[in-house]
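All figures in this text were calculated on a predicted structure; none of them were measured in a lab.
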Amino acid sequence: MQQPFIPQRLVVVLIATALLLPIAACVVAAVASLMWGMGDRSGGAVLLRVAQAGGILWIIDLVCLLLTTATATLHGPDRRDEP
C-alpha cells in the first residue's frame, strides 16, 4: 500500500486549528473590550493586537487547509503512475 501524499494528521490539525482559532480570537477580543471598559487601556490594546494576530493566523491556516486539500484532491487516492 502506498503512503498518502498529504498526511492525514496534517489535515486533521489544520481543521482543528481552523475551528479553534476564531473562537480563541473572539474570546481574547472580548476580554480586550472588557479591559478597555474597565479602564485598562494598555492591557486592552495589547489583547486587541493578540486577537488580530489570531485572526491573521486563522486566515493563514485556512489558506494552508485549502492548498492541502486541493493537493490531496489533485493527487487522488486512486491515481496510479504505472500504465
Side-chain angles (χ1 to χ4, degrees):
M1 179 181 271
Q2 194 178 27
Q3 288 196 355
F5 186 68
I6 302 290
Q8 186 177 6
R9 175 172 232 137
L10 175 66
V11 176
V12 170
V13 167
L14 287 173
I15 290 172
T17 306
L19 292 174
L20 294 177
L21 264 177
I23 296 169
C26 287
V27 168
V28 172
V31 172
S33 176
L34 179 66
M35 290 182 74
W36 191 273
M38 290 174 48
D40 187 5
R41 306 244 187 255
S42 60
V46 168
L47 284 180
L48 188 60
R49 295 291 181 180
V50 170
Q52 289 174 345
I56 291 169
L57 287 174
W58 181 50
I59 292 170
I60 291 170
D61 179 65
L62 290 177
V63 169
C64 291
L65 182 61
L66 175 71
L67 291 175
T68 55
T69 55
T71 304
T73 301
L74 287 176
H75 190 264
D78 296 331
R79 186 170 179 185
R80 295 184 183 159
D81 292 330
E82 66 266 0

statement: Contacts of L62 meeting side chain to side chain contact (heavy atoms under 4.5 Å, CB included) (sequence neighbours excluded), chain-then-number -> A18, W58
Show which side-chain atoms of residues 39-46 pair as donor or acceptor with protein atoms under 3.5 Å away, not counting sequence neighbours.
from : atom 1 : to  : atom 2 : distance (Å)
D40  : OD1    : S42 : OG     : 3.4
D40  : OD1    : G43 : N      : 3.2
R41  : NH1    : W36 : O      : 3.2

- request: Applying side chain to side chain contact (heavy atoms under 4.5 Å, CB included), name anything that partners A51, two or more places apart in sequence or on another chain.
  value: V28, A29
task: Kindly work out whether a path of hydrophobic side-chain contacts (I/L/V/M/F/W/Y, heavy atoms less than 4.5 Å apart) joins V50 to V31.
output: yes
message: Restricting to non-hydrogen atoms, name the atom on T69 and the atom on L66 that form the minimum distance, rounded to 0.1 Å.
response: OG1-O, 3.1 Å
task: Find the distance between OG1 (T68) and CD1 (I6) and round it off to the nearest 0.5 Å.
output: 6.0 Å
message: I60: which residues meet the side chain to side chain contact (heavy atoms under 4.5 Å, CB included) condition with it, sequence neighbours left out?
response: I56, C64
statement: Note: G54 and A25 closest approach over all heavy atoms is C-CB, 4.4 Å
Other cluster members, L34 - Ile/Leu/Val/Met/Phe/Trp/Tyr, side-chain contacts below 4.5 Å: M38
- request: Sequence neighbours left out, what passes side chain to side chain contact (heavy atoms under 4.5 Å, CB included) with I15? Give chain and number order.
  value: V11, L19, L65
query: Given a cutoff of under 4.5 Å between side-chain heavy atoms of I, L, V, M, F, W and Y, with clusters grown through shared members, what are the other residues clustered with L67?
result: V63
